[in-house]
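Okay, structure first, notes after.
Within every chain, numbering begins at 1; the chains are lettered A, B, ... in the order of the sequence lines, protein sequences first and strands thereafter.
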Amino acid sequence: MNWNDVAVLLPEIIVTIGASLLLLGPFLRRKPRPAGMSLGLGAGQPAEVSTGDESAKWWMLALLVITAISLIGVSWAAEGLALSAGFSQMFALDAFSIFFKLLFIVVIAMVALLSDDFLRESRYSAWEYYSLLGFALCGMMFMASGVNLITIWVGLELMSLSSYILAGYYKNEEKSTEAAMKYFILGAVSSAILLYGISLIYGVCGSLNLMDIEKSLSTLISNDALMFGIMLLAAGLCFKVAAAPFHVWTPDVYVGAPTPITAFLSTASKAAAFAIFARIFYSALHDFHLDWSNVLATVSALSMIVGNLAAITQTNIKRLLAYSSIGHAGYVLLGIISLSDWGIRGILIYTTVYVFATLGIWATILMMRRHEYAGEEIDDFEGLSKRAPFWAFAMVIFLLSLGGIPPTAGFIGKYYLFSAAIEAGYGWLAIIAVVMSAVSIFYYFKIVVAMYLREGKEADMVITRPLQVVGAVALAVTLIFGVLPAPLITQVEQSSHWMATRAAVPHVGR
Amino acid sequence: MPSTQAYLMLSATLFCVGLIGVIIRRNMITVLMCVELMLNAVNINLVAFSDRLSSLEGQIFAIFIITIAAGEAAVGLAIIIQLYRLRTSINVDEARELHG
């Protein structure tokens with residue numbers, strides 16, 4: 001056994017152990033149980049459950065802090081190595097994966113804070129909830145680090161299986177269970193399609209390792225089985241990022257799932273899928289860029305058009321954000337299609353910026369949630385500027401960032417992605433992207449109009465401390481990176497350096 | 001011993017049967033079985049390629065797929081049971097609570 005390998009894997013080991021211990025949480029805590037209330041029968045004691053819930057949150061946050069510290073420590077120790085791959089080239093701790101892992105840890109911490117309120121109100125166990133979030137985080141960290149298709153797929157499945165369960169966490173609520181069912185069926189099918197693609201690529205290239213695939217592709221001419229494999233792989237990944245022809249599940253699942261989980265699905269899960277999308281297409285399949293770029297360009301154009309146009313008519317804010325997230329997937333795909341150093345930087349910047357703005361919006365939505373599903377219609381935002389002026393203002397900033405208006409961070413991300421598309425010769429795609437951004441501003445402003453120009457109903461808001469923290473962090477990130485993007489850009493340049501050099505390799509063998 | 005091509009034909013057929021089954025069948029359990037069929041088609045593909053390329057990676061991957069497919073079936077069945085408790089039907093068509 002090589003101890004360096006174990007050291008490289010340390011953050012994942014900590015998350016796995018921590019998540020397993022969280023599952024045991026209620027049993028490890030010693031507390032007096034009334035007689036006759038045995039396991040499995042104790043369904044309806046809200047008071048009893050909620051006493052344990054408080055500590056569950058703190059244990060989860062402690063776990064995330066320890067993971068983040070270990071990750072920073074390990075990455076600091078491994079500095080200087082462009083790619084330190086452990087476990088016979090299965091797992092890499094490079095700057096790219098460290099960037100994404102830190103992002104995932106922060107996002108999961110914010111989702112955990114968003115969930116606090118929801119878990120206290122509902123009588124579902126918090127320990128299992130946080131444990132599943134921990135396992136999802138573990139899967140996402142493996143996805144970011146995987147340099148072998150086996151690792152990538154296993155990580156993807158770990159994340160997906162956890163999120164199927166989380167989507168159905170309101171298990172006595174028909175909507176939530178139905179969302180879980182739809183997500184599960186479509187997710188399982190897309191995973192099988194992705195695997196079929198992987199099996200064909202394996203058959204042609206003779207390896208599942210991304211580096212070996214890259215090597216064998218550089219000597220290969222185009223070949224039907226390979227093309228079919230790449231297309232199926234891309235289809236499976238497009239499902240995970242919710243790009244247009246494979247987006248049908250998104251609105252239903254986003255509406256049905258508990259709101260904190262919708263926040264998780266629309267941020268962390270999407271970012272992780274883009275991490276593997278970028279990793280596979282930049283580092284393994286770049287020699288066949290000419291073959292897949294046009295297909296992905298079509299997918300990207302479709303996502304932007306379908307997502308943004310369908311969002312216009314929505315009145316439910318979760319559904320509106322679901323369609324808008326389909327549009328955002330289309331923008332990020334521009335970065336993959338362009339296959340350049342600007343493209344990969346754009347993916348990293350845009351993912352970060354989008355994730356924080358979206359989390360801020362979800363935090364604001366959760367403040368208005370009075371009971372399980374209320375506070376989700378655009379009407380509920382009426383008069384928010386009077387009820388909570390600060391959060392109405394924050395909401396405007398988040399929406400501007402999603403729309404890509406200059407003083408916010410969203411502009412920087414869109415600037416990188418759109419110029420990458422133009423540089424790569426996809427001017428028409430950049431034009432669609434700009435037009436669709438304008439359309440998106442139209443429906444984002446429906447919410448702004450509701451908040452500022454309409455008289456509000458007298459509705460109470462629940463502005464709790466955790467929601468305030470999440471909203472404040474999201475607002476700070478959105479504004480600081482919008483005004484002062486240099487630190488983020490420097491970080492992203494370092495993180496994407498290795499991938500960018502791959503993209504710069506001349507397209508040989510075609 | 002049949003050629004690799006024969007295995008690939010078998011796997012492609014199984015995969016298509018599974019995919020069509022997912023699309024046309026209405027019963028959740030049948031849909032779940034069709035998904036398993038698709039995953040097993042992939043396994044056949046991987047093992048056939050592994051034999052032809054004489055590399056072990058494909059077989060290792062197949063074992064991973066079998067393991068995770070079991071986990072996936074467990075999660076799927078749990079969701080089906082919960083759905084059955086709520087509406088005493090596991091028909092995919094009747095999932096109309098969310099639409100759009």
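The distance from atom OG1 of T177(A) to atom CZ of R85(B), rounded to the nearest 0.5 Å, is 10.5 Å. How far CG of L208(A) is from CZ of F64(B): 11.0 Å, rounded to the nearest 0.5 Å.
Taking S191(A), G187(A), S199(A) one by one and counting their heavy-atom pairs under 4.5 Å with chain B, the maximum is reached by S199(A). Interface check for chain B: of the options L158(A), V154(A), V204(A), N316(A), the most heavy-atom pairs under 4.5 Å are formed by V154(A). Options I65(B), L8(B), T4(B), L19(B) differ in how many heavy-atom pairs under 4.5 Å they form with chain A, and the most are formed by I65(B). Chain A forms more heavy-atom pairs under 4.5 Å with one residue of A41(B), A12(B), S54(B), S50(B) than with any other, namely S50(B).
Residue L195(A) forms a side chain to side chain contact (heavy atoms under 4.5 Å, CB included) with just one option from N45(B), V42(B), I68(B), L46(B), and that option is V42(B).
Inter-residue side-chain proximity for L83(B) and E174(A) is flagged as unmet; no heavy-atom pair is nearer than 4.5 Å. For the pair E72(B)/F184(A), a side-chain contact is recorded, criterion being any heavy-atom separation below 4.5 Å from C-beta on. Two residues are said to be in side-chain contact when any heavy atoms from C-beta on lie closer than 4.5 Å; N172(A) and Q82(B) meet this criterion. Inter-residue side-chain proximity for V189(A) and M38(B) is flagged as met; some heavy-atom pair is nearer than 4.5 Å. A heavy-atom distance below 4.5 Å is found between the side chains of I185(A) and M28(B).
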Exercise for the section: Determine, step by step, whether Y202(A) and F61(B) satisfy the side-chain contact (heavy atoms from CB on, under 4.5 Å) criterion, reporting the C-alpha distance in whole Å, the side-chain angles of both residues, the deciding distance to 0.1 Å, and the verdict. Expected result: CA-CA 11 Å; Y202(A) 170 66; F61(B) 200 4; over 6 Å; no
Exercise for the section: Test side-chain contact (heavy atoms from CB on, under 4.5 Å) on E57(B) and N148(A) and set out the steps. Expected result: CA-CA 10 Å; E57(B) 263 183 312; N148(A) 186 303; 3.4 Å; yes
